[in-house]
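Below is one structure, written out as structure tokens, with a few remarks after it.
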Amino acid sequence: MFNIMQKILLIVLAIVTLSIFNSNIEIVVIVLIVSASLSAIELYLNESNLYKLIYSLIIVVLCLCDKSFIFLIPLCIYDTLIKKYYFINSIILVSILLISSYSFTIKLILLIVVCMTLVTSILVNKNNKAKEIEIKDKDEIERLLLELDNQKNQLIDAQDSKVEYAMLSERGRIAREIHDNVGHILSSSIIQVGALKTINEDQKINPLLDNLDTSLNQGMDAIRNSVHNIHAQSLNLEMELNNIIENYKFCPVKLSYNLKSNTDKKIKLNILTIVKEALNNTTKHSNATIVTMSIRELPNHYQLIINDNGNQFKENDNGIGLVSIQERIESLKGITNINNEDGFKIHITIPKEVKNNESNFNR
């Protein structure tokens with residue numbers, strides 16, 4: 001806004017001064033139109049060094065053609081001095097002013113205006129630089145704050161991951177303890193009760209032994225189900241996938257893992273089986289030198305992409321591996337896309353909400 005006001009002030013000053021010393025209204029109008037047009041264009045092309053040069057040359061030519069245009073020299077200096085390295089333009093324009101045929105008084109007035117314009121231009125330039133530095137500093141502070149916030153979130157995610165790993169490990173340990181200790185004791189008790197029922201001859205005790213046998217078996221079933229659920233919940237998919245990759249010797253495998261929520265156990269188990277099947281397929285039917293694997297969690301589904309760079313594929317007589325993968329994904333209501341145009345690529349999409357329909361592929 002300040003820049004526009006300065007331009008308007010210099011245009012008005014040029015027109016008023018010209019009107020005083022030149023009564024030709026046509027010249028005044030022409031100078032007004034030229035000054036307003038050139039300065040307005042500069043306002044929108046203020047980053048164009050080429051236009052500033054053209055602007056100065058136009059004023060020089062006009063001054064040489066008609067001395068009335070020297071009244072635009074202060075405006076031109078202001079417009080072309082806003083940016084640095086344009087002092088040479090000012091020197092040329094001032095020289096044109098000094099050699100003009102106007103009286104000493106007019107030249108003095110214009111020189112004073114030029115000096116005021118130079119001072120104003122320098123001050124405006126410094127002010128703009130200060131604002132640019134302030135904006136850069138503000139942007140840098142915002143960038144640093146954003147980076148710190150990202151690092152904080154990464155640390156929180158890493159801490160949450162460690163806590164989750166510890167919790168899953170503890171669940172696994174509890175499941176093993178229950179299975180090895182309590183399960184063993186109950187199994188032994190069930191066997192002993194069965195033996196007592198076999199050798200017992202007192203019919204009055206048989207109902208009691210039957211009730212005890214039923215209770216022990218119910219307790220055993222409950223513990224078995226609990227251990228199974230705890231084991232499924234304690235399954236660390238990322239760790240299991242890394243173990244599969246470490247044990248895969250055919251070629252290197254690069255894994256990109258991005259799952260945050262606690263994935264359904266059926267999906268975990270099927271993903272592990274699909275990955276094993278896909279790597280086995282690469283070993284048997286491809287000459288790949290690297291496999292890339294990406295597992296991502298999106299708002300409504302999981303995405304699994306397995307891609308190898310093999311360019312030669314051995315014929316697969318029955319395709320049981322790929323058929324098995326497709327059937328597993330269908331059991332999860334997912335979609336499988338297979339492409340072998342550029343290497344061999346399996347693109348799998350699995351919805352997050354898996355219906356609890358009976359299937360043999362969740363074992």
Are there over 12 heavy-atom neighbours, none belonging to Glu134, within less than 6.0 Å of that residue's CD? no
Does Leu111 share a hydrophobic cluster with Val60, counting links as ILVMFWY side-chain heavy atoms below 4.5 Å and allowing steps through other members? yes
Sub-4.5 Å side-chain heavy-atom contact between Ile274 and Glu277: no
With sequence neighbours left out, the residues meeting side chain to side chain donor-acceptor pair (under 3.5 Å) with His301 are none
Check step by step if side chain to side chain contact (heavy atoms under 4.5 Å, CB included) holds for Val275 and Ile245. CA-CA 10 Å; Val275 168; Ile245 291 172; over 6 Å; no
Treat each ILVMFWY residue as a node, draw an edge where side-chain heavy atoms are under 4.5 Å apart, and state whether Ile8 and Phe71 are in one component. yes
Is a salt bridge present between Glu297 and Lys352, judged by a nitrogen-to-oxygen distance below 4.0 Å? yes
Under 3.5 Å donor-acceptor, Ser35 side chain and Leu32 backbone: yes
Going by distance alone, is a donor N or O of one side chain under 3.5 Å from an acceptor N or O of the other, for Glu327 and Ser331? no
Would you call Asp139 and Glu142 a side-chain contact if the rule is heavy atoms closer than 4.5 Å? yes
Can you list the residues that meet the side chain to side chain contact (heavy atoms under 4.5 Å, CB included) rule with Leu216, with sequence neighbours excluded? Leu186, Ser189, Ile190, Val193, Leu212
Checking Ser286 against Asn281 for the side-chain hydrogen bond (donor to acceptor under 3.5 Å, both in side chains) test, could you report, in this order, the C-alpha distance in whole Å, the side-chain angles of both residues, the deciding distance, and whether it holds? CA-CA 8 Å; Ser286 172; Asn281 186 70; over 6 Å; no
Going by an N to O cut-off under 4.0 Å, is there a salt bridge joining Arg143 and Glu147? yes
Can you list every salt bridge (Lys or Arg N to Asp or Glu O under 4.0 Å) pair that touches residues 207-218, not counting sequence neighbours? Lys197-Asp210, Lys197-Asp213
Out of Ile350, Ile348, Leu332, which residue meets the side chain to side chain contact (heavy atoms under 4.5 Å, CB included) rule with Asn270? Leu332
So how far is it from Arg328 CZ to Leu269 CG, rounded to the nearest 0.5 Å? 9.0 Å
Can you list the residues that meet the side chain to side chain contact (heavy atoms under 4.5 Å, CB included) rule with Leu208, with sequence neighbours excluded? none
By side chain to side chain donor-acceptor pair (under 3.5 Å) - contacts of Asp66 (at least two apart): Ser68
Between Ile290 and Asp308, is a side chain to side chain contact (heavy atoms under 4.5 Å, CB included) present by the stated rule, with each step listed? CA-CA 6 Å; Ile290 189 170; Asp308 66 52; over 6 Å; no
With distance as the sole test, does Asn309 use its side chain to make a donor-acceptor pair with the main-chain N or O of Thr289 at under 3.5 Å? yes
Considering only heavy atoms from C-beta outward, does the side chain of Met239 approach that of Asn243 to under 4.5 Å? yes
Between Tyr248 and Leu279, which heavy-atom pair has the shortest distance, and what is it? OH-O, 3.0 Å
Can you list the residues that meet the side chain to side chain contact (heavy atoms under 4.5 Å, CB included) rule with Gln303, with sequence neighbours excluded? Arg296, Leu298, Ile305, His347
Please determine whether residues Leu9 and Leu38 belong to a single hydrophobic cluster, defined as Ile, Leu, Val, Met, Phe, Trp and Tyr linked transitively by side-chain heavy-atom distances below 4.5 Å. no
Tell me who clusters with Ile141, hydrophobic residues only, linked when side chains sit under 4.5 Å apart either directly or through other members. Leu145
Roughly how far, to the nearest 0.5 Å, is the CE atom of Met293 from the CD1 atom of Ile271? 10.5 Å
Who are the salt bridge (charged side-chain N to carboxylate O under 4.0 Å, His left out) partners of Asp149, not counting sequence neighbours? Lys152
Solution key, residues 251-259 side-chain donor-acceptor pairs under 3.5 Å, sequence neighbours excluded:
none

Checking side chain to side chain contact (heavy atoms under 4.5 Å, CB included) for the pair Phe69/Ile59: CA distance, chi angles, key distance, verdict? CA-CA 7 Å; Phe69 286 97; Ile59 297 298; 5.8 Å; no
Quick one: do Ile338 and Ile335 end up in the same hydrophobic cluster if we chain Ile, Leu, Val, Met, Phe, Trp and Tyr together by side-chain heavy atoms under 4.5 Å apart? no
Note, Tyr302 side chain near Ile267 side chain (heavy atom, < 4.5 Å): yes
Cluster link Ile70 to Ile27, ILVMFWY, side chain under 4.5 Å: yes
Given Thr282, which of Asn287, Val291, Ile306 fulfils the side chain to side chain contact (heavy atoms under 4.5 Å, CB included) condition? Val291
What distance do Ile112 atom CD1 and Leu108 atom CG have between them, rounded to the nearest 0.5 Å? 4.0 Å
Stepwise side-chain hydrogen bond (donor to acceptor under 3.5 Å, both in side chains) test for Gln218 and Thr214: CA-CA 6 Å; Gln218 289 176 349; Thr214 301; over 6 Å; no
Counting C-beta onward and ignoring hydrogens, is there a side-chain heavy-atom pair between Cys63 and Ile73 closer than 4.5 Å? yes
Report the residues that fulfil side chain to side chain donor-acceptor pair (under 3.5 Å) with Asn242, sequence neighbours left out, ordered by chain and then residue number. none
Who pairs with Ile191 by side chain to side chain contact (heavy atoms under 4.5 Å, CB included), at least two apart in sequence or on another chain? none
Distance in Å, Asn337 CG paired with Gln326 CD, rounded so as to fall on 0.5 Å steps: 9.5 Å
In chain order, what residues pass the side chain to side chain donor-acceptor pair (under 3.5 Å) check against Glu246, with sequence neighbours excluded? none
Kindly give the heavy-atom pair with the smallest separation between Asn307 and Phe344, and that separation in Å. OD1-O, 3.0 Å
Closest heavy-atom pair, Ile33 versus Ser37, reported as atoms and distance to 0.1 Å, is O-OG, 2.7 Å
Asn211 side chain vs Pro207 backbone, donor-acceptor pair below 3.5 Å: yes
